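Below you'll find the structure, written out as structure tokens, and then a few comments.
If you're wondering where the values come from, they're calculated on a predicted model, not measured in any experiment. Only heavy atoms go into these numbers, but all of them, side chains included; no hydrogens, no water, no symmetry mates.
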Amino acid sequence: MDRSPSVTEGNTPVVEGEDALTRLEQEGEIAADYLEGLLDIADLDGDIDMDVEGDRAAVSIVGDSTGRDLQKLVGRDGEVLEALQELTRLAVHRETGDRSRLMLDIGGFRARKRAELTELGTKAAQDAKTSGEPVKLRAMTPFERKVVHDAVAAAGLRSESEGEEPQRRVVVLPA
């Protein structure tokens with residue numbers, strides 16, 4: 001199993017006053033070790049890439065060009081991916097004592113989803129501008145709503161979430 005870190009590797013414990021980048025790099029290391037163990041148990045092939053994106057650690061499992069094995073780890077509509085992300089965050093929490101906001105991607109699923117949702121948010125913003133009416137979107141996960149909110153803001157409009165989980169949705173407001 002190859003790991004291609006985009007950050008400096010190190011297994012040093014977190015100490016008081018350590019900078020945020022080092023803490024996020026350590027989260028990525030812990031997550032990579034945990035995921036490597038899961039891949040071994042499941043007898044799945046995949047390489048682990050680590051990075052820091054903004055204010056969170058980002059870990060990706062990438063495989064060969066077909067990615068069929070990794071698709072099992074994504075599941076239908078990313079349900080398995082979401083569960084694995086939560087388990088990985090718990091593993092990081094167990095080691096560091098701090099809540100993790102780590103993002104996990106498997107086989108590029110989340111990256112593709114982000115692009116689709118950005119397009120959806122941009123289109124909804126355009127529809128709200130054109131019609132002058134609020135545009136209500138389908139129910140979404142917190143990750144999906146965040147991407148749409150960001151796309152709407154980039155288009156110069158405002159959006160808000162309404163409803164209760166799991167039926168919480170984004171409403172794009174006209175100018």
Side-chain angles (χ1 to χ4, degrees), residues 20 24 27-28 30-32 34-35 38-39 41-42 44 46 48-63 67-175:
L24 294 174
E27 279 188 24
I30 294 167
Y34 176 77
L35 292 166
L38 281 178
L39 289 174
I41 290 168
L44 295 173
I48 299 175
D49 290 334
M50 297 171 288
D51 201 355
V52 173
E53 295 177 2
D55 62 347
R56 61 175 64 191
V59 178
S60 299
I61 302 174
V62 293
R68 288 188 181 154
D69 279 349
L70 292 182
Q71 186 57 39
K72 296 173 188 174
L73 297 178
V74 172
R76 186 176 53 112
D77 295 328
E79 291 172 340
V80 176
L81 169 60
E82 291 291 334
L84 286 173
Q85 176 176 275
E86 196 56 35
L87 288 171
T88 305
R89 286 176 174 177
L90 288 171
V92 170
H93 176 73
R94 183 185 68 223
E95 292 289 321
T96 65
D98 295 325
R99 182 178 172 273
S100 173
R101 296 182 58 236
L102 175 131
M103 289 295 292
L104 175 64
D105 193 4
I106 299 175
F109 175 83
R110 202 176 291 275
R112 287 187 303 276
K113 189 77 164 175
R114 184 183 307 269
E116 291 170 11
L117 291 165
T118 298
E119 187 177 322
L120 174 68
T122 302
K123 183 183 179 324
Q126 187 58 47
D127 291 350
K129 281 180 185 176
T130 303
S131 71
E133 298 292 322
V135 175
K136 290 185 180 187
L137 301 175
R138 64 173 172 76
M140 297 179 189
T141 66
F143 163 76
E144 292 171 328
R145 290 192 310 267
K146 168 79 168 95
V147 173
V148 171
H149 284 306
D150 290 349
V152 170
L157 289 183
R158 202 170 59 81
S159 58
E160 54 190 39
S161 294
E162 71 176 23
E164 298 294 322
E165 295 291 353
Q167 295 302 314
R168 199 154 169 79
R169 69 185 66 244
V170 173
V171 178
V172 181
L173 304 169

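Looking at Asp105, Leu70, Leu44 one by one, the single match for side chain to side chain contact (heavy atoms under 4.5 Å, CB included) with Ile61 turns out to be Leu70. Just one residue in the list His93, Glu27, Arg89 forms a side-chain hydrogen bond (donor to acceptor under 3.5 Å, both in side chains) with Ser100, and that residue is Glu27.
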key: Stepwise side-chain contact (heavy atoms from CB on, under 4.5 Å) test for Leu35 and Leu104   = CA-CA 10 Å; Leu35 292 166; Leu104 175 64; 3.6 Å; yes
ask   = Where do Gln71 and Val74 land on the side-chain contact (heavy atoms from CB on, under 4.5 Å) test, with the steps shown first?
value = CA-CA 5 Å; Gln71 186 57 39; Val74 172; 3.9 Å; yes
Val172/Asp127 under side-chain contact (heavy atoms from CB on, under 4.5 Å): CA gap, chis, key distance, verdict = CA-CA 9 Å; Val172 181; Asp127 291 350; over 6 Å; no
task = Check the pair Tyr34 / Leu87 against side-chain contact (heavy atoms from CB on, under 4.5 Å), numbers first and verdict last.
result = CA-CA 9 Å; Tyr34 176 77; Leu87 288 171; 3.6 Å; yes
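Taking a 6.0 Å sphere around NZ of Lys146, one finds it holds 12 or fewer heavy atoms contributed by other residues, nucleotides or ligands. When the shell of 6.0 Å around CD of Glu164 is examined, it contains 12 or fewer heavy atoms from other residues, nucleotides or ligands.
Scanning both residues, Leu73 and Leu84, for their nearest heavy atoms gives O-CD1, 3.6 Å. Taking every heavy atom of both residues into account, Ala155 and Lys129 meet most closely at O-NZ, 2.9 Å. Taking both residues in full, the closest heavy atoms of Thr88 and Ala31 are given as CG2-CB, 3.4 Å, listed atom of the first, atom of the second, then distance. Residues Ala57 and Gly28 share a closest heavy-atom pair of CB-N, 4.1 Å. Considering all non-hydrogen atoms of both residues, Thr141 and Glu144 come closest at N-OE1, 2.8 Å.
Under a 3.5 Å cut-off, the side chain of Ser60 and the backbone N or O of Val62 do not form any donor-acceptor pair. Between the side chain of Arg145 and the main chain of Met140, a donor-acceptor pair closer than 3.5 Å is present.
By the side chain to side chain contact (heavy atoms under 4.5 Å, CB included) test, Glu95 is found to be paired with Ile30, residues two or more places apart in sequence or in another chain being considered.
Atom CD1 of residue Ile106 and atom CG of residue Leu81 lie 4.5 Å apart, to the nearest 0.5 angstrom. To the nearest 0.5 Å, atoms CD (Glu82) and CZ (Phe143) are separated by 8.0 Å. A distance of 11.0 Å separates CG of Leu102 from CE of Met50, quoted to the nearest 0.5 Å. Distance check: Met103 CE to Asp51 CG gives 13.0 Å after rounding to the nearest 0.5 Å. One distance of note links CG of Leu90 with CD of Gln85; it measures 11.0 Å at 0.5 Å rounding. Rounding to the nearest 0.5 Å gives a distance of 8.0 Å between CD of Glu116 and CD of Glu119.
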In a table with atom names and distances, give each donor-acceptor pair under 3.5 Å that connects a side chain of residues 132-139 to protein atoms at least two apart or in another chain.
| from | atom 1 | to | atom 2 | distance (Å) |
| --- | --- | --- | --- | --- |
| Lys136 | NZ | Glu162 | OE2 | 3.3 |

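In the model, His149 has a side-chain atom that pairs as donor or acceptor with a side-chain atom of Ser159 under 3.5 Å.
Side-chain contact between Leu157 and Leu173 is absent, with no heavy atoms from C-beta onward closer than 4.5 Å.
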